[in-house]
A.B. asks: 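One structure, as structure tokens, below. Some questions next.
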Amino acid sequence: MANLTLVQAINLALVQEMERDDRIVILGEDVGVNGGVFRVTEGLHKRFGGHRVVDSPLAESGIIGTAIGLAMAGLRPIPEIQFEGFLGPAYDQLCSHAARMRTRTRGAFTVPMTVRVPVGGGIHAPELHSDSPEAIYAHQPGIKVVMPASPYDAKGLLLSAIRDPDPVIFFEPKRIYRAFREEVPEDEYLIPLGQARTVCEGEELTMVSWGATVIQCMQAIEKSGRSIELIDLRTIYPFDMETVAASVRKTGRAVVVHEAPKTCGFGAEIAARIMEECFLSLEAPVQRVTGFDTIMPYYKLELEYLPEADRIVMAVEEALAY
Amino acid sequence: MANLTLVQAINLALVQEMERDDRIVILGEDVGVNGGVFRVTEGLHKRFGGHRVVDSPLAESGIIGTAIGLAMAGLRPIPEIQFEGFLGPAYDQLCSHAARMRTRTRGAFTVPMTVRVPVGGGIHAPELHSDSPEAIYAHQPGIKVVMPASPYDAKGLLLSAIRDPDPVIFFEPKRIYRAFREEVPEDEYLIPLGQARTVCEGEELTMVSWGATVIQCMQAIEKSGRSIELIDLRTIYPFDMETVAASVRKTGRAVVVHEAPKTCGFGAEIAARIMEECFLSLEAPVQRVTGFDTIMPYYKLELEYLPEADRIVMAVEEALAY
Amino acid sequence: MPIRTAFKTEIEHVSILDEHGQFDAKLGAGLIPDGDVVRLYEHMSICRHLDEVAFKLQRSGRMGTYPQNMGQEATSLGAAYALDKTDWMVPCYRENCGLFWRGLPMEYVLLHWMGDERGNAIPRELFCMPLAIPIGTQMLHAAGLAWAAKYRGEKQIACTFFGDGATSEGDFHEAMNFAANLDLPVVFLCQNNSWAISVPGKIQCSAPTIAQRGLAYGMHSVQCDGNDVFAMVKVVRDAAKRAREEHRPSFIEAVTYRLGDHTTADDARRYRDQAEVELWKTRDPLIRVRSFLKERKLWNDSKEAELRERAEREVSAAVQRAEGIEAPSSNDVFDHTYATLDPQLLTQRETLRTNSLGQESGRRPSHAQSGGAH
Amino acid sequence: MPIRTAFKTEIEHVSILDEHGQFDAKLGAGLIPDGDVVRLYEHMSICRHLDEVAFKLQRSGRMGTYPQNMGQEATSLGAAYALDKTDWMVPCYRENCGLFWRGLPMEYVLLHWMGDERGNAIPRELFCMPLAIPIGTQMLHAAGLAWAAKYRGEKQIACTFFGDGATSEGDFHEAMNFAANLDLPVVFLCQNNSWAISVPGKIQCSAPTIAQRGLAYGMHSVQCDGNDVFAMVKVVRDAAKRAREEHRPSFIEAVTYRLGDHTTADDARRYRDQAEVELWKTRDPLIRVRSFLKERKLWNDSKEAELRERAEREVSAAVQRAEGIEAPSSNDVFDHTYATLDPQLLTQRETLRTNSLGQESGRRPSHAQSGGAH
Ligand SMILES: Cc1ncc(C[n+]2csc(CCOP(=O)(O)OP(=O)(O)O)c2C)c(N)n1
Ligand SMILES: Cc1ncc(C[n+]2csc(CCOP(=O)(O)OP(=O)(O)O)c2C)c(N)n1
Ligand SMILES: [Mg+2]
Ligand SMILES: [Mg+2]
């Protein structure tokens with residue numbers, strides 16, 4: 001048991017799983033000698049060699065496309081895409097191939113790979129280093145989408161993702177890469193994909209979030225002084241509607257918080273599903289506190305864009321006053 | 001005034017607008033001599049020459065990326081992507097550049113282009129020729145998304161799209177390319193982007209759809225014998241929430257219908273917004289009749305996947321019985 | 001030396017049995033045993049027949065869009081012959097002849113074009129990838145498959161097939177570049193058939209050869225007559241050896257021609273001269289092998305008649321198997337999305353519905369506090 | 001002739017003023033007037049100083065991540081000098097020197113790295129595109145810009161800049177291929193600085209030269225010493241002429257070196273030998289021009305001291321302008337998304353909220369039939 005940051009927890013999971021399973025190959029830009037631009041793969045190249053930790057050419061479609069081949073051949077590739085803004089060139093390989101291979105071949109070929117991707121804003125990075133595209137991949141059947149909000153969860157979810165027989169996009173919220181530490185067991189533990197975590201219980205309102213904004217939600221709950229149940233989805237697809245619905249049936253009100261733009265963000269799905277499953281319990285419309293329907297600004301304005309605690313508190317108050 | 005199919009209406013709009021505006025350049029795979037695989041650009045190469053109607057190399061990112069350059073230089077490119085399944089390789093140029101150029105340069109550079117893309121299922125085509133990715137682009141700020149459901153609308157919307165100062169994806173539902181004819185005026189008329197069309201009025205329930213499923217909705221309304229108000233969104237982003245909300249406030253019930261998978265489809269946004277804006281009028285949760293959260297099947301099973309009239313009728317009955 | 005030469009190279013063109021039936025005895029010596037030439041010819045003829053039958057199936061509404069392979073049989077067949085049975089074949093959709101040689105039953109390809117995923121449920125021991133619909137994307141999978149073999153220290157390689165049009169896609173470049181720079185055992189085989197639907201070769205590559213695309217990666221690159229099964233066997237065998245022994249990829253431009261329309265949905269008369277087609281008919285890969293065999297007394301008209309019958313028998317049996325398969329069930333829409341279906345997918349599968357009430361079997365949700373006050 | 005040569009070529013390397021100060025009088029004759037050599041040297045020195053200042057701004061928290069250009073000044077500057085003032089420059093992010101020569105005020109670049117979009121609001125009459133963050137994507141825009149010029153019958157061309165790493169991206173290939181096959185007046189200028197962050201050149205291109213990437217497209221391709229401003233001027237001038245007069249694109253590999261870290265977020269000592277850096281310091285583009293000028297009595301220490309002062313003055317004025325700009329307003333988050341904002345965006349802008357009640361200003365929607373019965 002050690003007190004680790006999210007970066008360290010992921011690094012630990014990678015090391016342990018690579019020791020356990022020699023089918024794992026890590027590939028991506030700067031993941032080798034340099035240990036990744038966020039140092040998530042630090043030490044792996046030295047420990048496992050250039051055979052298993054591979055600095056690839058600068059080409060995201062190439063990284064995902066070759067990883068698909070590796071996976072179809074029975075290996076367990078863990079490609080890294082350096083920033084979520086550079087998933088774009090890999091979109092086609094992910095959605096036209098990785099997501100469809102099992103269906104297309106009726107299971108003869110499958111793509112067990114875990115794509116690691118730093119995600120989200122708040123670190124004063126340049127353009128296209130601060131986006132949140134989780135909804136895009138949640139809309140693509142055949143892919144799973146995971147986003148941890150704490151070091152402990154990161155390790156347990158990453159191990160489940162790696163062992164999952166289907167392609168998983170593992171989004172790592174870079175704003176909390178090193179924001180805080182948490183006890184992370186040395187021993188192996190798995191957090192099943194598709195299970196949310198109830199961060200804190202409450203009676204007046206249900207708050208649903210994932211990734212870095214879980215922290216903003218906790219701040220907002222603190223500030224508001226209300227009895228709020230906070231649910232960290234952890235897995236975006238498949239998502240744990242049971243936990244969300246049970247909570248909303250209890251509280252009658254919900255606020256969903258995410259960084260991505262509002263329109264067709266994953267908050268839309270959560271809101272629509274809450275309506276579908278908890279209609280008669282709902283005392284107010286589900287509130288969405290999200291990024292605006294605009295381009296994520298360069299960093300001078302990024303805090304105007306991101307849903308911070310105050311904006312969340314206002315939505316809570318309005319839902320409660322409804 | 002002539003009785004035209006959707007294909008013919010689009011062709012007419014292209015011809016007339018190219019006559020009017022010599023900044024228009026059409027580019028794409030097989031759009032020239034062959035007139036496009038659906039014959040939408042038939043006759044244009046002959047009429048306007050290879051200078052303005054250009055058979056491009058087989059590369060979708062290249063088509064959109066060069067079109068962005070053409071547009072930034074002040075032309076009005078109309079690239080065609082042969083099928084929506086091949087938008088994937090162009091995703092990055094669309095979302096990282098076309099959508100962001102105005103924001104990034106504070107308006108110094110803009111991307112006035114209209115990307116024409118056949119969309120949707122139901123024509124017994126091979127894999128990746130039957131998808132419906134409108135939600136993906138609706139989630140991307142900076143892009144507009146249009147999908148006509150009739151020949152008349154197709155002409156009027158396409159002219160608006162071409163003249164719009166921002167990038168527009170113009171999805172053409174291939175299932176109704178030649179399914180029926182409609183009177184289409186020879187004279188110029190514009191249908192503003194962002195305005196829905198009320199196909200028929202009704203009192204008991206509001207049905208919202210776009211593209212080819214508008215036809216399925218009409219069949220369902222016929223079958224159900226109910227008084228249903230059908231709204232064809234026409235523009236997916238920006239969408240005409242005012243018309244939708246006014247209708248739902250009147251009827252108290254809503255069903256949204258689309259071909260794309262349910263999770264994070266555009267129906268989620270519509271459902272969530274209806275809840276936000278019409279909460280106190282809602283008598284039942286908004287129903288979504290959509291594609292399943294699975295890969296669009298090869299064509300033997302495509303009609304099991306697509307929302308056909310019977311499935312819509314069931315949702316209507318359930319909403320009304322709620 | 002202010003201007004010096006930094007790089008110098010040339011691209012070779014290989015031909016062994018040419019369109020006039022001329023056979024290069026030196027290059028061709030011992031390349032393919034006579035008995036195998038007979039088998040290759042028979043195989044090509046059967047595939048040609050399948051093509052004709054498939055065309056008719058489409059026209060009579062028994063099959064969807066189908067891309068004829070006619071005229072290009074020698075290319076994929078020569079490759080399949082030159083490869084080991086456990087080398088990966090990573091096709092596009094015009095490689096029936098090579099895939100069938102490998103052992104893929106014909107009904108798989110038919111099923112695929114009949115709109116049935118079971119056509120791609122290819123037994124793994126055949127080492128054939130499913131047909132690739134999005135152009136240019138499958139070469140990256142070939143690079144990954146080859147990489148996995150190398151990673152495991154196996155002698156397996158991958159050979160991937162694609163058209164001239166496919167070389168315009170970014171993924172082609174990335175696959176070539178990964179293979180060259182990471183030393184992956186891949187054979188990249190471009191079937192240059194002059195057209196990508198209606199777009200002529202010069203729009204895809206205005207360089208004198210497509211083969212020289214490989215120079216960008218420092219890759220061994222060669223052009224050959226793709227309608228010459230001997231040349232195909234030679235260049236693929238050389239490339240396979242290079243891959244297997246040195247982990248070096250190669251690029252092959254096989255010059256061939258699509259004698260039919262692009263697919264049954266296409267009408268090639270709209271954009272190409274019939275004279276060009278007629279010229280290429282004289283270069284048909286079957287014709288030259290038949291005269292080669294006849295000259296050597298390995299073939300005659302009665303064998304031809306027998307073959308004709310065999311082709312009809314085999315193809316119609318395949319069609320029967322493809323058409324005889326039980327209809328897929330609606331469960332098939334769901335069951336292959338993930339290894340295990342999540343609750344939402346299970347509900348969708350059970351109800352065949354997506355709307356919320358359907359999910360609760362038409363009943364009011366039992367949990368509802370009736371008449372919630374708002 | 002069963003094996004014949006289908007294509008044959010070589011790639012030249014051009015150098016004029018080499019790292020030892022050797023000047024090739026024949027190639028260099030009349031290339032750049034002496035007075036301009038002085039101006040180019042002064043300009044490079046000022047840019048170098050900006051780089052140092054920017055580094056310090058980042059370290060002291062006054063600027064975000066910044067990519068130093070140090071060591072690569074001659075490449076973009078030689079190009080900018082060789083181009084016409086109305087030719088498009090389509091940069092990546094290591095072309096400060098060329099962009100400033102064109103006339104881009106330094107504060108634009110500073111503002112960009114200070115996280116302010118106004119740094120990319122480049123006056124159109126400068127014919128400079130904004131800095132490109134996603135690697136490899138901007139070459140396609142250059143192809144489109146050049147195409148537009150050709151379409152209108154103008155003599156304008158486009159020159160686009162990118163690194164060695166960028167040549168691994170699919171978009172690079174598509175841009176080169178479009179330009180070659182559609183005859184677009186583009187100059188593709190690769191700044192091969194040996195590294196893409198921590199990844200060495202051989203992982204991006206294992207061929208003997210990057211220049212030969214152009215052979216794939218039948219494009220005129222050349223390698224040159226990118227630290228030699230004379231060589232740069234020559235090869236870009238030749239390429240520009242080819243583009244302007246024949247509508248033919250060219251590919252240039254300029255061999256240079258990144259003397260600094262990749263960006264201020266990087267620590268290059270983790271992955272590269274200091275010895276390599278020391279070697280390249282001797283090849284610094286500034287040093288050789290200074291000795292060239294000194295040898296010809298065009299430069300001396302007092303001029304150097306004056307230049308130092310001028311650099312400090314100009315750079316600190318630019319920093320002041322960048323830092324002195326008024327803070328952006330929250331309206332700026334919205335106002336540039338579309339030419340006209342739709343109702344939903346207007347509401348978001350007005351309320352600075354996305355939740356539904358915020359949208360209706362905290363009041364119950366006025367339309368609500370109070371107590372709707374369900
Ligand atoms: C990514 C993508 N874009 C477009 C298409 C539509 N399309 C199908 S086949 C084809 C032409 C392919 O040409 P080529 O690669 O030369 O192969 P050929 O058909 O000639 O064998 C096109 C454009 C596609 N399937 N995939
Ligand atoms: C599409 C994309 N992938 C990854 C990155 C992250 N990244 C920024 S710079 C860089 C290296 C670029 O190398 P090169 O093209 O050689 O240019 P240099 O920085 O050496 O000038 C990488 C990988 C990016 N910006 N864009
Ligand atoms: Mg072809
Ligand atoms: Mg570099």
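Within every chain, numbering begins at 1; the chains are lettered A, B, ... in the order of the sequence lines, protein sequences first and strands thereafter.
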A.B. asks: Chain A heavy atoms under 4.5 Å from D/Ile135: which part of the residue, side chain, backbone, both or neither?
C.D. replies: side chain
A.B. asks: In Å and rounded to the nearest 0.5 Å, what is the CZ to CZ distance from D/Arg353 to A/Phe292?
C.D. replies: 9.0 Å
A.B. asks: Heavy-atom cut-off 4.5 Å, strictly under: side chain, backbone, both or neither for A/Thr290 against chain D?
C.D. replies: both
A.B. asks: Heavy-atom distances under 4.5 Å only: say whether D/Ser329 touches chain A with side chain, backbone, both or neither.
C.D. replies: backbone
A.B. asks: How long is the straight-line distance from CD1 of D/Ile133 back to OH of A/Tyr298, given to the nearest 0.5 Å?
C.D. replies: 6.5 Å
A.B. asks: Between D/Thr137 and A/Phe86, does the side-chain contact (heavy atoms from CB on, under 4.5 Å) criterion hold? Intermediate values first, please.
C.D. replies: CA-CA 11 Å; D/Thr137 52; A/Phe86 312 132; over 6 Å; no
A.B. asks: So do A/Glu127 and D/Leu131 actually touch side chain to side chain, heavy atoms under 4.5 Å?
C.D. replies: no
A.B. asks: Atom CH2 of D/Trp195 and atom CG of A/Asn34: how far apart are they, to the nearest 0.5 Å?
C.D. replies: 9.5 Å
A.B. asks: Output the distance between atom CD1 (D/Ile203) and atom CD (A/Glu29), rounded to the nearest 0.5 Å.
C.D. replies: 12.0 Å
A.B. asks: Heavy-atom distances under 4.5 Å only: say whether D/Ala327 touches chain A with side chain, backbone, both or neither.
C.D. replies: neither
A.B. asks: Under 4.5 Å from any heavy atom of chain A, what part of D/Ile197 do you find: side chain, backbone, both or neither?
C.D. replies: both
A.B. asks: Rounded to the nearest 0.5 Å, what's the gap from CZ on A/Arg311 to OG1 on D/Thr354? Could you check?
C.D. replies: 5.0 Å
A.B. asks: Does atom NZ of D/Lys202 have more than 12 heavy-atom neighbours, drawn from other residues, nucleotides or ligands, at distances under 6.0 Å?
C.D. replies: yes
A.B. asks: Would you please name every residue forming a side-chain hydrogen bond (donor to acceptor under 3.5 Å, both in side chains) with A/Asp30, sequence neighbours left out?
C.D. replies: A/Gln82, D/Ser198
A.B. asks: For residues 324-342 of chain D, pull every pair meeting salt bridge (charged side-chain N to carboxylate O under 4.0 Å, His left out), keeping only residues two or more places apart or in separate chains.
C.D. replies: D/Arg118-D/Glu326, D/Asp335-D/Arg349
A.B. asks: Heavy atoms only: give me the nearest D/Pro328-A/Lys300 pair and the separation to one decimal.
C.D. replies: CD-CD, 3.9 Å
A.B. asks: Just give me the residue among A/Pro57, A/Pro307, A/Gly32, A/Gly267 that pairs up with chain D most often, heavy atom to heavy atom, under 4.5 Å.
C.D. replies: A/Pro57
A.B. asks: For side-chain contact (heavy atoms from CB on, under 4.5 Å), just list the numbers for A/Arg288 and D/Ser356, CA-CA rounded to whole Å, side-chain angles, deciding distance to a tenth of an Å, and then say yes or no.
C.D. replies: CA-CA 7 Å; A/Arg288 289 185 276 167; D/Ser356 53; over 6 Å; no
A.B. asks: If you round to the nearest 0.5 Å, how far is CG of D/Asn355 from CD of A/Glu317?
C.D. replies: 11.5 Å
A.B. asks: For the interface with chain D, which of A/Glu302, A/Met314, A/Met296, A/Glu60 has the highest count of heavy-atom pairs at distances below 4.5 Å?
C.D. replies: A/Met314
A.B. asks: Between A/Asp55, A/Val33, A/Asp293, A/Ile295, who has the most heavy-atom pairs with chain D when the cutoff is under 4.5 Å?
C.D. replies: A/Asp293
A.B. asks: Which heavy atom of D/Ala166 sits nearest to which heavy atom of A/Leu58, and what is that distance?
C.D. replies: N-CD1, 4.3 Å
A.B. asks: Test A/Thr294 against D/Gln348 for side-chain hydrogen bond (donor to acceptor under 3.5 Å, both in side chains), laying out the working first.
C.D. replies: CA-CA 10 Å; A/Thr294 69; D/Gln348 293 187 2; over 6 Å; no
